[in-house]
2 protein chains.
Amino acid sequence: MTSCLPVTRGDDYALPVPKQPRSGTDAAPSLQLSVDRTSPVPLYFQLAQQLETAIEQGILTPGRLLGNEIELAGRLGLSRPTVRQAIQSLVDKGLLVRRRGVGTQVVHSHVRRPLELSSLYDDLAAAGQRPATVVLHLTTEAASPAVAAALGVVEGVEVQRIGRVRYAHGEPMALLTNHLPAGLLDCRTAELEATGLYRMMRAAGISLHSARQAIGARPATAAEAELLSEGPGGPVLTMERTTFDATGRAVEFGSHVYRASRYTFEFQLLVRP
Amino acid sequence: MTSCLPVTRGDDYALPVPKQPRSGTDAAPSLQLSVDRTSPVPLYFQLAQQLETAIEQGILTPGRLLGNEIELAGRLGLSRPTVRQAIQSLVDKGLLVRRRGVGTQVVHSHVRRPLELSSLYDDLAAAGQRPATVVLHLTTEAASPAVAAALGVVEGVEVQRIGRVRYAHGEPMALLTNHLPAGLLDCRTAELEATGLYRMMRAAGISLHSARQAIGARPATAAEAELLSEGPGGPVLTMERTTFDATGRAVEFGSHVYRASRYTFEFQLLVRP
DNA sequence: GTCAAGGCTTTGTCCTGACAACATGACTTC
DNA sequence: GAAGTCATGTTGTCAGGACAAAGCCTTGAC
């Protein structure tokens, strides 16, 4: 267990005016950072997590300069590449900004999390809206041309089809239709109604890697309006998504319809330099 | 200029069956990679670009294994960290997948580009749809509560307001309303009608860093329907976006309305592990 | 007073070397 | 024949050092 004390370093005892650390934004972090070398968790990851929580908790305030990398490495007993790797991971997340000749700075608020492959179930649960699900149908059928193209399978091959209504606070929010390659996931109605599809897939060892999405809008059909308790012809948000695993095989094709009056897609995104 | 020849390495002259490189997916890349040490372009970046174009052009086919990092470094006269940095940048883009003990593999098709901070103008131009713009108004006004909150300024402060109609192939596509902090950008109608707002901002040295977006839908108002040549009450897609620069200051707040019958948001996204 | 030159600080890039963790296939043993 | 074990190959992690490039501030000259 390597630890490090707060306050500044040892170059503050000589000069009367000890040469402020340059930038107007105060530096000299008074945080306690430490790494545990006996832990199997990588050192750079330990450091990154501690910095991230410090930012989240407001201990590292926006605009604040981190100490320079060399000094930080020395304080923690790490090498500079390790510290750089930790910082880089937070830069990739958009929490820090580096400027050569200046230092590394905490980004000025606002930025929270970049866009992730979100699941409606988790989003609702995180927002405290008690999600609930009713399975409308759960069948296997021959892949239509559109489904076959999305999943990258031959037309007419057997695929699993899941139809659900998702509720929040007892109100219908969305109509979810999903197609999965046959045999990929052992779906049962009880499970589908208790949790989200992505959770089930992850639990089954399917690693979600990337997805292709299209978001649009159109008037609701009569059947959709009925199921969503919406006026006929009212606008609905549509989202089509094909999800791929790490090897690039499509593992899911979803075609979802949301009540426009109750739902919007919100996300954050970063510009890569 | 360090260069490297195609074909395999020198361990193929002894054994009758030269011990295939393990995996079923063929390895032994026959690509020509080279780095120019006199160039100011970083070595890792040169390598990353060459690998990326090789993947885009299909020279590196999906599922194919890259040679291992040590050998690749040796062939190019680079060190392993440099090669790793190049590979890592492509992993971050979703083009490659690493698996410990196995190797680095080209991702299996589909994946193209992750979501970027896209500009409608550039998107249309890239799709070959000749975008055109008409400026409706270009004024400065006192910030409304909503605008002030989005831009992080005090209510009532002067802000610039831009209203535009964006056309594609002569058809109206979207109504764009943007608010900018006063004095940030010298906007002129001629420029606004010739290019996109983001291009102007980048050209003015404003670095776009991150953005917060919300996408929804609603019925069009009478005025919107008129401007968009859409039936009254027809569904429109709405997008609100606040863009931040590297220091976290809001540089733009946009409130856009798209014809749902003509436009959908399409994007790719990655899951970070 | 203004502008240019130089020095300092900090991150960016790159190298060398080493060991650990994991996946895979072949071998051995039961 | 099946299961466990070992060897091998690959990426993951980490150290320590060196120089380059860029930003910022101070100093100096005009």
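Values below: every heavy atom of this structure, side chains too, minus hydrogens, waters and symmetry copies. The chains referred to below are lettered A, B, ... by the order of the sequence lines, with proteins before strands, and numbering in each begins at 1.
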Name all residues meeting the side chain to side chain contact (heavy atoms under 4.5 Å, CB included) criterion together with A:Val251; count only those two or more places apart in sequence or in a different chain, and write none if there are none.
A:Leu184, A:Met201, A:Ile206, A:Leu208, A:Thr243, A:Asp245

Per atom distances to the A:Asn68 side chain, the nearest of D:dC14, C:dT11, D:dT11 is C:dT11

Nearest-Å distance, CD1 (B:Ile70) to C1' (D:dT8)?
14 Å

Separation of C:dT13 atom P from B:Gln46 atom CD, nearest Å, is 12 Å

Any chance you could measure A:Leu47, atom CG, to A:Thr82, atom OG1, to the nearest 0.5 Å?
9.0 Å

Distance in angstrom units between B:Glu69 CD and D:dC14 C1', rounded
15 Å

Approximate separation, where rounding is to 0.5 Å, of B:Tyr44 OH and B:Gln88 CD
12.0 Å

Check the phosphate of D:dT11 against B:Thr104, side-chain N and O only, distance under 4.0 Å to OP1 or OP2. Yes or no?
yes

Choosing from D:dG12, C:dG12, C:dC15, which nucleotide comes nearest the side chain of B:Leu78?
C:dC15

Among D:dT13, D:dC14, C:dG12, the nucleotide that comes nearest once only the side chain of A:Leu43 is considered
D:dC14

Rounded to whole Å, the CG-P distance (B:Leu72 to D:dT10) equals 12 Å

Nearest-Å distance, CG (B:Leu66) to C1' (D:dT10)?
13 Å

Does a side-chain N or O from B:Thr82 land closer than 4.0 Å to OP1 or OP2 of C:dT13, or not?
no

Any B:Phe267 side-chain heavy atom under 4.5 Å of A:Arg212 side chain:
no

Give one of base, sugar-phosphate or nothing for B:Pro42, where a contact means two heavy atoms less than 4.0 Å apart.
sugar-phosphate

Tell me whether the side-chain N/O atoms of A:Arg84 come closer than 4.0 Å to OP1 or OP2 in C:dG12.
yes

So CD1 of B:Ile59 and CZ of B:Arg64: to nearest 0.5 Å the spacing works out to 9.5 Å

What is the distance from atom OG1 of B:Thr104 to atom CG of B:Leu51, rounded to the nearest 0.5 Å?
10.0 Å

In Å and rounded to the nearest 0.5 Å, what is the CG to CD distance from A:Leu90 to A:Gln49?
10.0 Å

Please state how far atom CD in A:Gln88 lies from atom P in C:dG12, giving the value in whole angstrom units.
7 Å

Between the protein and nucleotides 20-22 of chain C, list every N/O to N/O distance that falls short of 3.5 Å.
from: C:dA21; atom 1: O4'; to: B:Arg100; atom 2: NH1; distance (Å): 3.1

So, are A:Arg80 and A:Glu71 salt-bridged, with charged N and O less than 4.0 Å apart?
no

Both B:Arg80 and B:Gln85 contact DNA chain C. Taking the nearest nucleotide for each, which residue is further toward the 5' end?
B:Gln85

So, is A:Tyr44 near the phosphate of D:dT13, with a side-chain N or O under 4.0 Å from OP1 or OP2?
yes

Sugar-phosphate, base or nothing in reach of B:Arg99, heavy atoms under 4.0 Å:
sugar-phosphate

Rounded to whole Å, how long is the line connecting atom CZ of A:Arg98 with atom P of D:dA22?
16 Å

Could you give the CG-to-P distance, from A:Leu76 to D:dG16, as a whole number of Å?
13 Å

Just checking, any donor-acceptor pair under 3.5 angstrom between side chains of B:Glu252 and B:Asn178?
yes

OG of B:Ser207 to CZ of B:Phe244: how many Å apart, nearest 0.5 Å?
13.5 Å

Rounded to 10°, the angle between the first-five-pair and last-five-pair axes of the helix from C:dG1-D:dC30 to C:dC30-D:dG1 is 10°

